[in-house]
2 protein chains.
Amino acid sequence: MTPNPTESLIQLDTSSLVDKVEANLVKLLVERKLRVGDIIPTELDLSRSLGVSRTVVREALLRLRMMGLIDTKKKKGSVITSPDIFGIMSKSMNPHILDQDTLREIFELRLVLEIGMADLLFQRITPKDIEELKEIVKTEPDTAKDHIFHIDHEIIFHGKLYEIAGNETLKRFQKMLLPIFDYVHNSGLLKKPAQIQKFVSHKGLIDILENGSPELFRNGMRNHLENHFLRIFS
Amino acid sequence: MTPNPTESLIQLDTSSLVDKVEANLVKLLVERKLRVGDIIPTELDLSRSLGVSRTVVREALLRLRMMGLIDTKKKKGSVITSPDIFGIMSKSMNPHILDQDTLREIFELRLVLEIGMADLLFQRITPKDIEELKEIVKTEPDTAKDHIFHIDHEIIFHGKLYEIAGNETLKRFQKMLLPIFDYVHNSGLLKKPAQIQKFVSHKGLIDILENGSPELFRNGMRNHLENHFLRIFS
DNA sequence: TTTAGCATTATGTATAACATAATAAGACTA
DNA sequence: TAGTCTTATTATGTTATACATAATGCTAAA
């Protein structure tokens, strides 16, 4: 084997100043174990102690802000906030910008989530939740009648399920994906037309939640989402 | 009911200049339907045509860059790139920064994903994948022997499953969450100690993939992850 | 004691200047 | 003519300075 001439070269540091300052600040947050609500030094202070211009500090702080690590107020300075994982993500979640493959994949993700969360549902569902679900299906519109309203209703029902799952991160994930689902539904990305008839209805799912098991629910939901699966896998 | 005195007040626009420029640029990208690789005007041009300082334009561009919408090179200017949804997200995914509740929730998310992706697996798995999985379990270490190595092996096996699922977005999601899983495992966040014995082994899962059904796999995986569930729900 | 107004302070914005890296153009040589 | 080296150009990266603006806290007047 011929020796690779680039082998002995060290990796050059091509990162910009802002990159370094950003890394520095994150390191500071981690190592100092700063708690939510703590304030960090002002831009001018940081600029002085780090030996870079205020502009660079500002850009680094902007990044932290976008990551949801800090919230900066006038006069006060920047305070540490509970990081918002999905904050930025949802901003770049513009369906018009994402390419079709990604859209299809995100749509698949929904199916994965709703089938996979059965255990969480059964662990945390309360009688009150059951009542609320029943209330929701009571106002269920006729499938064939009003398509738009039907989609809205779908969102309400399934949204309630996410709520019951009691996982805030999961719920926010869904909330972020919602516009995508909507977009995919209306975009013609799904090949086959939706079948009107559902095998397992919303009402059926509630029955399972009340008297069944996670296993039954997974199959029920799988069945309920059958249409979507068929449309994706065509 | 007494009338609300604030009712007739219009919502003030508290957004900063940078906010507006950012929105403007995103709108530009969407409406012009610009394709990946297209270049957008230089900072100075934008600053002139938008009537704001270059500073503001720079900050707005920085945000777009963080969203993965553009990639800016010296001299060339900024070019549009395929948005990287998880790019920024993974940067703020520092386990040391996330609070414990969020960590627990993200860990739950893993369980949801791996149970929920059964259908994708069965749709896309190939004989070659089965072989590779078998190859992986062949080198499976003794559970009781080397704990660290055992975790590594877990990651390899389950990572392969994500790969088989054939959903790039899902895979990258998992990749992003990996450090979290690792951290949670080692952090003492999980209450009960792990049980050594697994009901359904990796080998068992492979058998199901080869001869079983999605339904069987979901239950198998549910069983396989039983330990994790118990530790979370305590 | 309350409130109106002022001072203070840190971020937001603007401008100008220079550094640096990537590209293009031109000149020079084989 | 082709190829390479040098130089010029251009757009981003960085610095410095100044002023605007909003939030906070203090002070004095009612």
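Keep in mind the model is a prediction, meaning the values are calculated, not measured.
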Worksheet entry | Side-chain touch B/R63/B/L69, heavy atoms, less than 4.5 angstrom | no

Worksheet item: Is the phosphate of D/dT12, meaning OP1 or OP2, less than 4.0 Å from a side-chain N or O of B/R58?
Response: no

Practice prompt. Could you state the atom-to-atom distance from CD1 of B/I39 to P of D/dT10 in whole Å?
Written response: 14 Å

Worksheet item: Of the nucleotides C/dG12, C/dT13, D/dG13, which has the atom closest to the A/R65 side chain?
Response: C/dG12

Response to the item:
The nucleotide from C/dA22, D/dA16, C/dA14 with an atom nearest the side chain of A/S53 is D/dA16

Practice prompt. State, with a plain yes or no, whether a side-chain heavy atom of A/L209 is found less than 4.5 Å away from one of A/L161.
Written response: yes

Worksheet item: When you match A/K73 and A/V18 each to their closest nucleotide on DNA chain D, which lands nearer the 5' end?
Response: A/V18

Item to complete: Using whole Å, report how far CG of B/D19 lies from P of D/dT21.
Response: 17 Å

Worksheet item: What nucleotide, of C/dA14, D/dT15, C/dG12, holds the atom closest to the side chain of A/T72?
Response: C/dG12

Fill in: d(CG, B/L46; P, C/dT13) in whole Å
16 Å

Item to complete: Using the side chain to side chain contact (heavy atoms under 4.5 Å, CB included) rule, pick out the option among A/V52, A/V57, A/L50, A/T55 that qualifies with A/L17.
Response: A/V52

Worksheet item: What is the distance from CG of B/D71 to C1' of D/dT12, rounded to the nearest Å?
Response: 13 Å

Discussion item. With a 4.0 Å limit, can you tell me whether B/R54 has a side-chain N or O closer than that to the phosphate oxygens OP1/OP2 of C/dT15?
Written reply: no

Fill in: Distance-only polar pair, side chains of A/E154 and A/H202, donor-acceptor under 3.5 Å
yes

Discussion item. Rounded to whole Å, please give me the gap between CZ in B/R63 and C1' in C/dG12.
Written reply: 12 Å

Discussion item. Can you tell me if A/I39 has over 12 outside heavy atoms packed within less than 6.0 Å of its CD1?
Written reply: no

Item to complete: Send over the distance from A/L62 CG to C/dT13 C1', rounded to a whole Å.
Response: 14 Å

Response to the item:
To the nearest angstrom, the NZ-P distance between A/K20 and D/dG13 comes to 13 Å

Item to complete: Using only side-chain N and O atoms of B/T42, determine if any of them is under 4.0 Å from OP1 or OP2 of D/dA11.
Response: no

Worksheet item: Which listed nucleotide (C/dT13, C/dT11, D/dT14) is nearest to the side chain of A/E43?
Response: C/dT11

